[in-house]
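Worksheet: the structure to be examined is printed underneath.
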Amino acid sequence: KSGRFLCEMIDLTAPFCYNKVMEEAKLQHILAESGADALFLEQDFLRRYVTGFYSTDGYAVCDRAGCSLFADPRYYEAACAQLAGSFVKVEAGAFEAAVTRASGSKTLGVPFPFISRAACARLEERGFVLKDCMPALKEAMKVKTAEEIGRIARACDIAEEGLLATLPRLKEGMTEREAAATLEYEMRMRGADGTSFETIVAFGAGSSVPHHETGDTKLKFGDVVLIDYGCKVEGYCSDCTRTFLFGDDKKHGAFKEHYALVLKAHELVKEKVVSGMTGREADEVARACFREQGLDSFFTHSLGHGIGLQIHEYPVLAPRSEEILADGMVFSDEPGLYFAGEYGIRIEDSVTLQDGRVVSFMKKTPHELIIL
């Protein structure tokens, strides 16, 4: 099936209504699954997930009577305007107001991996019993709605268009930082809210470090160029990696062979991964491809990770992951090979599962080796 379905599901030219992402019934299901009387959320991405509104501070309190977002004066007016007509009630105030709203609850659901011990202590001092609500939230967040997929699709489009605009501007003597800044500028100019993570631009031997720190290394003829980057649209991330050669100095025979193998592994994932597989089985599709050539030890990370409001979400596609993949999940397909001190190769798309099969969001940037 054509990847066009991603754009046909919703009108990507129309402004999104934030409160469509979460339906009240879904939030009530999360609350029930958490086993708590109420959810008490202060983390920005979780507040955004349940209410649709982004702010750097605030509290969301959700119980069987409804959901309240507590916003301070910096955000109150905007929250009221944006969430008008939704099931979310916007209230003025901060921690004390949120605690008062939750006072009828004995147990509070808080996300243990994302809340500090000090924050837990403040709530426990008020007499609340805390329960971990993150498992329930994780299960809900793993499968994206059509609106969420649409935002990710837009973020992927902008990321690809930004890279295509950047590549002709790469020139000998340019630093990694300058290349990263150019790419981020091009994505911003096309509507990105910001980057999904710190842009990785690696020239030459720096590409052998999977999470290379972009620095002042200058581009020279014959260099491997690895760019791992992404942008956000209304909070939702894209993630993409492409590897190039900056001119062909005829000294990259092994590199070209390894590039072809990484591309083969990347495409095998798209071909063979299906709904119902575990993350471990999906990872093995790429890892087995490398193992057949005796190179699996040079694939030093997992195949992929979930993508959403955070750049690393669930599911995890890794050797020990028993998570079951399902339609509507969004994750990365990013096999790679890394040869210390020499070069690294990674080819990454953001993909989703639709009708049981992998469909890539990345349709604009070539996957075959490009010599710049």
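Here, residue 1 is the first one in the sequence, and each next residue gets the next number. All figures in this text were calculated on a predicted structure; none of them were measured in a lab.
- In this structure, Ile115 belongs to a hydrophobic cluster whose other members, linked by side-chain heavy atoms under 4.5 Å apart, are Phe40, Tyr59, Val61, Phe70, Phe95, Val99, Leu108, Val110, Phe112, Leu123, Phe128, Leu130.
- At most 12 non-hydrogen atoms from other residues, nucleotides or ligands lie less than 6.0 angstrom from NZ of Lys218.
- Each of Phe339, Tyr343, Phe244 was evaluated against Phe255; a single residue qualifies, Tyr343, per the ring pair (Phe, Tyr, Trp, His ring centres under 6.0 Å) test.
- Under the 4.5 Å side-chain criterion, counting only non-hydrogen atoms from C-beta, Leu27 is in contact with Leu39.
- In the model, Thr56 has a side-chain atom that pairs as donor or acceptor with a side-chain atom of Tyr75 under 3.5 Å.
- The CG atom of Asp157 lies 12.0 Å from the CZ atom of Arg190; values are rounded to the nearest 0.5 Å.
- Checked by atom type, the side-chain pair Glu184/Thr199 shows a donor-acceptor distance below 3.5 Å.
- Remark: of the listed residues Gln310, Glu148, Arg151, Glu148 is the sole one forming a side-chain hydrogen bond (donor to acceptor under 3.5 Å, both in side chains) with Tyr236.
- Between Asp228 and His212, the side chains place no donor N or O within less than 3.5 Å of an acceptor N or O (distance only, hydrogens not considered).
- Considering CZ of Arg242 and CD1 of Ile347, their distance stands at 7.5 Å, rounded to 0.5 Å.
- Side-chain N/O atoms of Glu342 and Ser208 include no donor and acceptor closer than 3.5 Å.
- Remark: of the listed residues Arg48, Glu234, Lys232, Arg48 is the sole one forming a side chain to side chain contact (heavy atoms under 4.5 Å, CB included) with Leu309.
- Hydrophobic clustering keeps Ile200 apart from Ile158 (ILVMFWY residues linked when any side-chain heavy atoms are closer than 4.5 Å, directly or through intermediates).
- Ring-centre distance between His312 and Phe197: not below the 6.0 Å cut-off.
- Under the 30°/60° scheme for interplanar angles, the aromatic rings of Phe114 and Phe45 are found to stand perpendicular.
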